[in-house]
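In what follows, a single structure is set out as structure tokens and then discussed.
Residue numbers begin at 1 in each chain, while the letters A, B, ... track the order of the sequences.
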Number of protein chains: 4
Amino acid sequence: MEQPKKIAKWREKIHEIIYGTHTPEGKLFDIILLIAILYSIIIVMMESVKSFDEKYHQFFNISEWVITILFTIEYGLRIISVYRPKKYIFSFYGIVDLLSTLPKYLSFFIMDSQFLAVFRALRLLRVFRILKLIRFVGESNNIVRALNNSRSKIFIFIFFVLIISIILGTIMFLVEGPENGFDSIPHSIYWTIVTLTTVGFGDITPQTAIGQVIASIIMIIGYGIIAVPTGIVTAEYTATKNKMANRTDSSCQNCGADVIFSDTKYCRKCGHKLDEDEK
Amino acid sequence: MEQPKKIAKWREKIHEIIYGTHTPEGKLFDIILLIAILYSIIIVMMESVKSFDEKYHQFFNISEWVITILFTIEYGLRIISVYRPKKYIFSFYGIVDLLSTLPKYLSFFIMDSQFLAVFRALRLLRVFRILKLIRFVGESNNIVRALNNSRSKIFIFIFFVLIISIILGTIMFLVEGPENGFDSIPHSIYWTIVTLTTVGFGDITPQTAIGQVIASIIMIIGYGIIAVPTGIVTAEYTATKNKMANRTDSSCQNCGADVIFSDTKYCRKCGHKLDEDEK
Amino acid sequence: MEQPKKIAKWREKIHEIIYGTHTPEGKLFDIILLIAILYSIIIVMMESVKSFDEKYHQFFNISEWVITILFTIEYGLRIISVYRPKKYIFSFYGIVDLLSTLPKYLSFFIMDSQFLAVFRALRLLRVFRILKLIRFVGESNNIVRALNNSRSKIFIFIFFVLIISIILGTIMFLVEGPENGFDSIPHSIYWTIVTLTTVGFGDITPQTAIGQVIASIIMIIGYGIIAVPTGIVTAEYTATKNKMANRTDSSCQNCGADVIFSDTKYCRKCGHKLDEDEK
Amino acid sequence: MEQPKKIAKWREKIHEIIYGTHTPEGKLFDIILLIAILYSIIIVMMESVKSFDEKYHQFFNISEWVITILFTIEYGLRIISVYRPKKYIFSFYGIVDLLSTLPKYLSFFIMDSQFLAVFRALRLLRVFRILKLIRFVGESNNIVRALNNSRSKIFIFIFFVLIISIILGTIMFLVEGPENGFDSIPHSIYWTIVTLTTVGFGDITPQTAIGQVIASIIMIIGYGIIAVPTGIVTAEYTATKNKMANRTDSSCQNCGADVIFSDTKYCRKCGHKLDEDEK
């Protein structure tokens, strides 16, 4: 009976280090993990640059192995220490953690040069590890709330942008035609999105007079309707901010109703005069 | 007398399915129509890609016939079941529905290869069917209201943008001239719109020092005045949102004054205490 | 004594037609002038297109003469009918009106082909006639007020944008150098403005790794700081709008103080209770 | 004892001229300094244009010496007249002032042509003198306050933009590959930033269908999320503006409560009627 207790204690300790952020060990673990993630991403990036890969191939290889082993240990400890391992394994972060660990191992089994392309793709999945960084950003801020509130409106806006792009893209295809680079409707729609969002690559440009007039209309539409998402987010954010601004976490002494705003003088439910120290 | 009654019932039933959205049959009809519209648009797009058209020409042809017949039936049922057929036929959606149905039939009568270009254009009109999708988006939201309120201001803004473009485009034509790609005033104005809206294709760029200085001024103007439509829409949207926020449609039982905000406790005119169920 | 009276009456009549907008004749005059301005601008534009000029040179020439004569008559009538002719002649619109009339006459005196370039420039000044169109736009709207209020802040913003462009442009010149297209500091600054305002022509692009990193920083700065003018204009416009929203044009019956807001119940100066019908 | 007093007086006088802005001498000094800074920056810019440098090399050389001597005197006077010289020398502006003075002297000692590149770089540091201009802009305005308040939120936003760029850049590298110009992950990320910020140089563009779909998604994301910094800055600026709007620095004569808004007539705590001159 002694043994399991000891193990339980160990598991608790590990859990505290990995998931906790208040103890010094927990903080240290988070910082080491953060550095490891950033380092692994930089390695993946540098490896894709040919001149670097030729020079430092050996160094990149070793670095990858070190990181893969580190991530494997971390993955193992997470499974051991978590209370419901299955829930973790099939959670979003669980799958990301697994996929971040796999690529190098796969390169061990698949030595065939034909699978190299697929293998390379898998290896690059590790870039998604950067998503772990999001954990370090507080998620409970007003922007996220504002974006959540305006989500449905922004979807309608994007849907509207797409409809405009499809209609105007089709018109541009008819007006300009394949001889001016608008060689199919999907390609014309792509060009319209490029123009409407004011990106403007310039690889395809309208050559006919009518085409340039329509392009001008698309550009002015794009220039103008950016006001819509901006207006939505601004209004939602201002509303969220104001709501949060003078909020308090107290309740009425008389009827127990919650007191939302800090400048409340009387309970909004029973009219009881609130004491200064109650809020 | 039995017959007409039956027909009337049938018409009512069809009307409910086509125009109603609350019964299960109405919902099913809407979803099938939505899929058919999206499918027809995708077919039109894919057909415009040469490599696809060569491979799957037969498949595209059959698909188009199926959709054309479906849309014809739908158009017929709409005319039959609607209370005032003439009003529907000449309404915006009525014309769109007709134009969406026609192209394939026209291809039947016009076999002459000379009319192929015109025919192709007509066929593409079906892309406008996507406008039907707008029906699925609630139109009674605050954004539309805000845009409607700020319409006249946005027109003045667009008018102002056009004046700036005409003046600065003319100056650019004088400064750069045809030797640097600014080969006519309309073309220079087009370039100015491209630059002012921060699209910047880069097919024509100023080459002289003075031209680049003026281009810089155009760009900074364009970068700055985007604030104007954004400011207008944001202000209007915030106002609309606040007005709509906690609105109610009741009135005071005592004096008949309208109660605007749902959190009102006492009538703002006579001070009568409002009942909970009154609002 | 009869004669001068008649002339005075005539002058008054002409003044009413030209400057007034309430009488049917005044409205008609405004519409004719508007069409003439637009027509003259379109002629100038079309004339700059070589293929059009070759075909319709005679037509353009006659059109210009008609418009020049029309504008000359208008200019003459304005001077005759205005109460203080000198003030009009040296006013902004007076000079624009004169400059709009001159070009064609100058082409009469200057036949020398050497002066053709200068002459062409003068002729194009007529485009500025479009500024007359601004007269038709109500100037007393809230946007203009908001822009006026935020003028000084927007100048500081533009000044700040220019400083950033100068510093980052110089750094880009050092990093990329003439071999990558950044052939002088002014040219590099021009490129930085192109990038910062998110226009991005793409005629010059950074080729070195460090150059691309700095370019990325410039782009993100440009993408982010657009929030500043937008924020300023939105805030000013909202403030102006709110101030104007429930404004009234009455005054206190007791002390004569002006009553600004329509929901005022008591005079803010003397405390006199305002009647409903006073507002 | 007379001598030090005289020196102290002199130092005070110089301090007043250099650091003060209220006396006529102080204003004159500021204006001369401003002109000298602008002139030196223009010289540096013009010098970098080859054709100008060849023609006016001698003139540029003399101008630089004049300015260098002027700045040296200014730097010396600043050290002499300031109360704590060490604090000034190691302050931000102290270092900028020194670096602005050095380059021309360094060109005196380093005649070796090999050091020319480094020397040129040092010489260009003088462009940073423009930062001195910021001194002339009032720093206590609401925009700066709003930007300061929203700093942390904007950093999170930039961090979020970078994560999106890294993930989508990697995907684009996988989809398009080196054969379409996306030759390494860092280069792909650079391209993604170019596209996301709606700059769109167009030197690299997606060629595959999937690449263009992902590019469209990147563009729509970039077009949409610009709403976030705009919303933040607008909300913060509006809040700052409202707070500052009609603020006063007085307090109630009766109970001592602070009077926040200048249009207050009665103390919000004790109801005491405030005198006009109290505010």
Which atoms of A:Ile154 approach chain D - backbone, side chain, both or neither, heavy atom under 4.5 Å: neither
- request: For each of D:Gly224, D:Ala235, D:Pro229, tally heavy-atom pairs with chain A at distances under 4.5 Å, and name the one with the top tally.
  value: D:Ala235
message: Could you walk me through whether A:Ile221 and A:Leu168 satisfy the side-chain contact (heavy atoms from CB on, under 4.5 Å) test, starting with their C-alpha distance in whole Å, then the side-chain angles of each, then the deciding distance to 0.1 Å, before giving a yes or no?
response: CA-CA 11 Å; A:Ile221 291 173; A:Leu168 291 175; 4.2 Å; yes
query: Yes or no on side-chain contact (heavy atoms from CB on, under 4.5 Å) for D:Phe155 and D:Arg151, after CA distance, side-chain angles and deciding distance?
result: CA-CA 6 Å; D:Phe155 274 126; D:Arg151 204 174 31 186; 3.7 Å; yes
- request: Quickly, which of D:Phe201, D:Phe173, D:Phe182 forms a ring pair (Phe, Tyr, Trp, His ring centres under 6.0 Å) with D:Trp191? Name it, please.
  value: D:Phe182
message: Under a 3.5 Å threshold, yes or no: a donor from one side chain and an acceptor from the other, between D:Tyr223 and D:Thr198?
response: no
statement: In terms of heavy-atom pairs under 4.5 Å with chain A, the winner among D:Ala215, D:Pro206, D:Gly169, D:Gly222 is D:Pro206
- request: Flag the pair A:Tyr237 / D:Lys153 as yes when at least one side-chain heavy-atom distance between them is below 4.5 Å, and no otherwise.
  value: yes
field: Per-residue contact mode, A:Leu196 against chain D (heavy atom under 4.5 angstrom)
entry: backbone
Trace of the side-chain contact (heavy atoms from CB on, under 4.5 Å) decision for A:Glu179 with A:Gln207: CA-CA 10 Å; A:Glu179 61 274 16; A:Gln207 301 300 324; over 6 Å; no
message: Taking side chain as everything from C-beta outward and backbone as N, CA, C, O, which of these in A:Ile225 sits under 4.5 Å from a heavy atom of chain D? Side chain, backbone, both or neither.
response: both
field: Engaged part of A:Phe157 at the chain D interface, taking heavy atoms whose separation is under 4.5 Å
entry: side chain
field: Largest heavy-atom contact set with chain D, pairs under 4.5 Å, which of A:Ile226, A:Val194, A:Val228
entry: A:Ile226
